[in-house]
Amino acid sequence: MVEDHLIEVNEIEVRRALARSFTGHDPGGHTWRGEIEIGGAEVTVDVQTTNGGEPYVEVAAPSIEHPELDGRLARTLLIENAELVLGRFTHADGHVHVEHAILAGTTMAAVEVQASVWAVAWAADSFAHRLEALLREATPTPAPPKTPAALLRDAEAHVVITDRRVKQFLDERFGGFDHDPDWGYHGGFGSARVFVDVLPVLDDSTAVRASSPVLSDIDLTDDLALELMRLAATSPFGCYSYQPARREVWFEHVILGDDLDRPELEAAIQVVADTADGQDDTLAGRFGGRRYADL
């Protein structure tokens with residue numbers, strides 16, 4: 001499905017990388033637009049620039065129609081964000097979308113944009129039935145779909161390989177993180193703590209997740225859910241999710257483990273640390289709950 005080589009982060013190179021794996025359509029103002037082999041979700045890909053002038057790639061696909069982002073939809077999407085491996089649920093133009101942004105410096109592995117297109121299209125299509133059932137409170141609710149890699153017998157071997165690289169980078173940059181067998185690597189940043197773990201995602205690909213608990217002992221009200229969706233929309237990177245069983249709000253950003261380099265991992269950790277440490281005081285003051293530092 002994918003080829004592993006470096007490309008420059010620009011529209012021409014991104015189009016070339018996707019042309020090797022997918023059939024595109026008239027881009028209609030986007031860098032690339034097309035479909036993957038399964039499902040009917042149409043994917044758009046755009047090369048954007050951060051406020052600091054760094055290029056990044058934004059991948060998106062519509063999932064279900066929904067006229068407006070109300071409290072019920074916001075709560076549903078925040079809970080379902082925890083079920084996605086790569087990407088996040090957003091709402092725009094009367095649709096729920098799956099989005100994923102790749103910040104990889106001036107060059108990136110072709111596999112990153114190819115796998116991101118596949119993962120976003122798969123999630124938009126695979127979660128559509130479950131989202132519709134949740135919003136109409138259907139019983140029983142379909143179970144969250146599993147990524148194809150989660151079903152492969154050798155998926156764990158790929159996770160182990162990426163995990164070794166993650167540990168090496170954490171040792172080099174931060175002098176090592178603490179490690180927990182259930183939670184992965186973790187280190188403190190101000191009043192927040194960032195966790196780093198590795199997950200299978202597609203075929204022989206892995207995902208590296210940087211995440212942080214922003215609030216604990218908190219119920220997900222409509223007002224809190226809408227504020228978290230608003231905050232997430234201010235940046236293309238990362239997403240908030242809610243864990244009902246633990247009554248916790250988390251923020252995370254996921255990067256592809258294939259061809260992982262240290263600056264990419266550092267950037268993901270920094271995005272999560274800055275967001276969690278920067279928002280936990282304000283959110284706790286407005287909505288209650290406890291910061292990680294309060295636990």
Side-chain angles (χ1 to χ4, degrees), residues 69-91 96 98-100 123 127 130-131 134-135 141 143-147 150 166 177-199 207-235 237-255 268-295:
L69 179 63
D70 54 17
R72 183 180 179 187
L73 178 61
R75 285 187 286 107
T76 300
L77 297 184
L78 287 164
I79 293 171
E80 290 305 292
N81 271 343
E83 302 293 345
L84 291 175
V85 175
L86 202 69
R88 65 183 186 181
F89 288 109
T90 62
H91 181 270
V96 172
V98 179
E99 292 181 351
H100 180 63
F127 275 85
R130 175 174 166 84
L131 289 175
L134 287 168
L135 290 169
T141 303
K146 299 277 189 186
T147 64
V166 167
F177 274 26
D178 295 329
H179 184 266
D180 182 273
D182 296 322
W183 293 89
Y185 303 97
H186 56 95
F189 293 83
S191 60
R193 179 157 288 265
V194 176
F195 294 80
V196 180
D197 61 334
V198 182
L199 306 166
V208 179
R209 176 174 58 192
S211 60
S212 180
V214 181
L215 291 178
S216 299
D217 297 332
I218 185 88
D219 292 323
L220 186 62
T221 63
D222 285 359
D223 287 344
L224 174 58
L226 287 167
E227 176 62 8
L228 294 175
M229 293 295 290
R230 185 193 70 79
L231 288 172
T234 63
S235 170
F237 306 108
C239 72
Y240 289 93
S241 65
Y242 183 73
Q243 308 278 351
R246 297 199 300 268
R247 298 178 63 233
E248 292 177 344
V249 172
W250 285 66
F251 184 81
E252 68 179 46
H253 184 61
V254 179
I255 57 180
I269 292 173
Q270 200 62 54
V271 165
V272 171
D274 289 348
T275 301
D277 187 38
Q279 294 294 339
D280 56 359
D281 291 333
T282 301
L283 290 170
R286 286 187 60 186
F287 301 101
R290 295 193 291 171
R291 306 168 307 157
Y292 185 87
D294 300 325
L295 300 180

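Since we're looking at a predicted model, the values are computed, not measured.
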> How close do Leu84 and Ala123 get, heavy atom to heavy atom, and via which atoms?
Replying inline: CD2-CB, 3.8 Å
> How many angstroms lie between atom CZ of Arg130 and atom CD of Glu80, to the nearest 0.5 angstrom?
Replying inline: 4.0 Å
> Are any side-chain N or O atoms of Thr282 and backbone N or O atoms of Gln279, one a donor and one an acceptor, separated by less than 3.5 Å?
Replying inline: no
>> Contact between Ile79 and Pro244 at the side-chain level, heavy atoms closer than 4.5 Å - yes or no?
In response: yes
>> Which heavy atom of Trp183 sits nearest to which heavy atom of Asp197, and what is that distance?
In response: O-CB, 4.2 Å
>> I'd like to know if Asp222 pairs up with Arg75 as an ion pair, taking the criterion as any Lys NZ or Arg NE/NH1/NH2 lying under 4.0 Å from an Asp or Glu carboxylate oxygen.
In response: yes
>> When you compare the side chain of Phe89 with that of Leu131, does any pair of heavy atoms fall below 4.5 Å?
In response: yes
> Yes or no on side chain to side chain contact (heavy atoms under 4.5 Å, CB included) for Val166 and Tyr185, after CA distance, side-chain angles and deciding distance?
Replying inline: CA-CA 9 Å; Val166 167; Tyr185 303 97; 4.2 Å; yes
> So which heavy atom on Ser212 is nearest to which on Arg193, and how close?
Replying inline: OG-O, 2.8 Å
>> I need the Thr76 OG1 to Asn81 CG distance, nearest 0.5 Å.
In response: 11.0 Å
> Does the Asp219 side chain pair with the main chain of Thr221, one donor and one acceptor, at a distance under 3.5 Å?
Replying inline: no
>> Using the side-chain hydrogen bond (donor to acceptor under 3.5 Å, both in side chains) definition, which of the options Asp281, Asp277, Asp294 pairs with Ser191?
In response: Asp277
> At their closest point, which heavy atom of Ala192 faces which heavy atom of Asp280, and how far apart are they?
Replying inline: N-OD2, 4.4 Å
>> Using side-chain heavy atoms (C-beta onward) and a distance below 4.5 Å, is Val271 in contact with Phe251?
In response: yes
> Roughly how far apart are Leu295 CG and Asp217 CG, rounded to 0.5 Å?
Replying inline: 7.0 Å
>> I'd like to know whether the aromatic ring centres of His186 and Phe177 sit less than 6.0 Å apart in this structure.
In response: no
> At what distance, to the nearest 0.5 angstrom, does CG of Leu78 lie from CD of Gln243?
Replying inline: 11.0 Å
>> On a heavy-atom basis, which atom in Ile218 and which in Phe287 lie closest, and how many Å separate them?
In response: CD1-O, 3.1 Å
>> Working to the nearest 0.5 angstrom, can you tell me the gap between Asp223 CG and Leu228 CG?
In response: 11.0 Å
>> With a 3.5 Å distance limit and no angle check, can you tell me whether Arg88 reaches the backbone of Ala232 through a side-chain donor-acceptor pair?
In response: yes
> If every non-hydrogen atom of Thr275 is compared with every non-hydrogen atom of Tyr240, which pair is closest and at what distance?
Replying inline: CG2-OH, 3.3 Å
> Do the non-hydrogen side-chain atoms of Leu77 and Val96 ever get within less than 4.5 Å of each other?
Replying inline: yes
> How far does CZ of Arg247 sit from CG of Leu215, to the nearest 0.5 angstrom?
Replying inline: 11.0 Å
